[in-house]
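Written below as structure tokens is the structure these notes are about.
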Amino acid sequence: MSITRLTELKIVLETILLSSSEPLTLEQMRGVFDEDLGVDMLRRALDELRDEWQHRGLELATLADGWRFQTRQSFQRYLQRINPEKPPKYSRAVMETLAIIAYKQPVTRGDIEEIRGVTVNTQIIKTLEQRNWIKAVGHREVPGRPALYVTTAQLLSDLNLRALDELPPLAELGSLVAPNPYTAQLDLTGEE
Amino acid sequence: MSITRLTELKIVLETILLSSSEPLTLEQMRGVFDEDLGVDMLRRALDELRDEWQHRGLELATLADGWRFQTRQSFQRYLQRINPEKPPKYSRAVMETLAIIAYKQPVTRGDIEEIRGVTVNTQIIKTLEQRNWIKAVGHREVPGRPALYVTTAQLLSDLNLRALDELPPLAELGSLVAPNPYTAQLDLTGEE
Amino acid sequence: MTGQTLASPDVLALINGQPLTELPHDLYIPPEALAVYLGAFEGPLDLLLYLIRRHSLDVLDIPMARLTAQYMEYVALMRKQQLELAAEYLLMAALLIEIKSRMLLPRPVQADDAGEGSDPRAELVRRLLEYEQMKLAAENLDELPRVGRDYLAVSVWSAEVEKLLPQISADDLREAWLGLLARAGTRRHHTVGRQELSVREAMGQILNALQGDLFMEFTTLFEPELGVSHLVVKFLAMLELAREHRVEITQNQDFAPIYVRLA
């Protein structure tokens, strides 16, 4: 491909990526061109495009559901001055419910209640569904047929991740407690 | 102004303009910077920015109510080939304005600004009026006689509701908003 | 080993082999803070974890008597404050008491394979650890850079996209209110902050401290560990009291200690 062609290709890619309200997949981007572009060519153009934006306020990010331009975190302070309203901050109840679904999926409401020790407010599930971070994907075949929840690609994209395994690793259960050499002997003496 | 400063200025301007969902006024752009930029300096930077985008797919356009990046006409054919899976979303500012009008009607622009704590962009009211979701129904008899806005039957039908009282109740929302993170710290000091 | 140590009359219990001679003193919560304070817990497991972490107890070796007693104290406080006491807290209380009573029963010397006769605390420990793991995971998740909060997705205006009108639902309006509420909530809490540092209250504290003692040294009336804002408020209160002639402030010579007493 000639240099001019590659430059043109990048201009079109930049334009469609900057104006799309959703991340674009490689397939979607290929479909835009009259001729059939190889995936390799497309990737090369995207890589170059990413490099060209290296020192600017936006970055070309690769996400679970495609590519998109997004602002760099270091520019957030400027953006906040344009739009001083803060997005909602989710309560611990909402975030814990989300964490359980993310790490233990698929789970039912009962599973979440078992882990958190409290009833799960319907509003919490609704809030997460509304944000399109979780969705029901069927039922567990037990009495009551409770819905099974999983997280969505949207959640990953919103957290700037490509796959579930990029979630922060769980703390090892063992590391949550210091090993206690006396446990065996101490069953009752500690008590009475 | 040194070349570096001007370059930095342009990077910030480019970033806020590309990421803003509504056109930005010169005043809004000036308010973003720590130091007080002269209007001349700002205009010069915007002019240079416009020139830099001359041969690309977006153009920096001057509209009645401000500046914005938009795609060039000649690139529309590429955009048409992308079938977005989801329609675009309204900005938070648009949604919050609509929510305030829906729940607190009739309200003036001043009322909305009071609740949101920021100026209401004319474009937002226009967007909602064009959608035929809100309309002005008279004036409040105070100095300036500001217009009073209410929601329309069209909004209810688009939301699939029969009456305004079918809007989600507000009372139960309180519990989902995270408690102020400082509250916990304050109370814990009583502990130490 | 256990018999020896317990022989001392002052020893209340053994914690990890160390004799415990005093009950912890830090269970006290200012009553006015209780409602907010308990509101900060996500439920009985969260409260239990707090108690365990607060007292550096080993989760794998929970002293059931102490933990149950402390937990019940909280539950009693909740009832006294007429807080909406969720059933989960009472259920947990019942569970703790059940475990404690089972621990009092003689147990088989050797636990069998089926787990019968194993430590009755085991299930509680498992749940506590699992909850703590998820609680930490939630915190980490919340810290990940999030679109809309830490950065924005970019989509510039185009005539093509403009033709597609955004669709909204009633829930979107609800979500918009949530954002408004979150901000209103921040403002509301600022008011609480002001009350916390009322000059009036500080004046009362100074007058209280001066009861009984004829003179007190000026500096002893301040608590620098509470931070600058407390110092400022205390100082304002002191000036106010002097202005109202309710205290008398004296200093014999330059750089000598300043004394305060009721006027």
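Both backbone and side-chain heavy atoms feed into the values below; hydrogens, waters and symmetry mates do not. Just so we're on the same page: letters track the sequence lines, and every chain starts at 1. This is a predicted model, so every value here is computed, not measured.
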Heavy-atom contact with chain C under 4.5 Å, split by part of [X]:
{"X": "A/Y103", "answer": "side chain"}
{"X": "A/L58", "answer": "side chain"}
{"X": "A/L17", "answer": "backbone"}
{"X": "A/R116", "answer": "both"}
{"X": "A/L79", "answer": "side chain"}
{"X": "A/T15", "answer": "neither"}
{"X": "A/Q73", "answer": "both"}

Look up atom [atom1] in [X] and atom [atom2] in [Y], then write down how far apart they are to the nearest 0.5 Å.
{"X": "C/Y71", "Y": "C/I52", "atom1": "OH", "atom2": "CD1", "value": "11.5 Å"}
{"X": "C/Q133", "Y": "A/E172", "atom1": "CD", "atom2": "CD", "value": "8.0 Å"}
{"X": "C/D150", "Y": "C/L152", "atom1": "CG", "atom2": "CG", "value": "9.5 Å"}
{"X": "A/H139", "Y": "A/T108", "atom1": "NE2", "atom2": "OG1", "value": "12.0 Å"}

Original post:
For the candidates C/E139, C/K135, C/E143, which exhibits the highest count of non-hydrogen atom pairs separated by less than 4.5 Å from chain A?
Top reply: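 Greatest number of close heavy-atom pairs with chain A: C/K135.
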
Original post:
Looking at A/L161, A/L167, A/T97, A/T119, which one has more heavy-atom pairs under 4.5 Å with chain C than the rest?
Top reply: A/T119

Subject >> Which portion of C/D46 sits near chain A, non-hydrogen atoms under 4.5 angstrom >> reply: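 The answer is the side chain of C/D46.
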
Original post:
Hey, mind stepping through C/R174 and A/T127 against side chain to side chain donor-acceptor pair (under 3.5 Å) and telling me if it holds?
Top reply: CA-CA 9 Å; C/R174 182 183 153 271; A/T127 298; 3.3 Å; yes

Subject >> Distance-minimising heavy-atom pair for C/I62 and C/L67 >> reply: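 C/I62 and C/L67 have their closest heavy atoms at CG2-CD2, 3.2 Å.
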
Subject >> Minimum heavy-atom distance between A/M95 and A/Y90, given as atom pair plus value >> reply: SD-CB, 3.9 Å

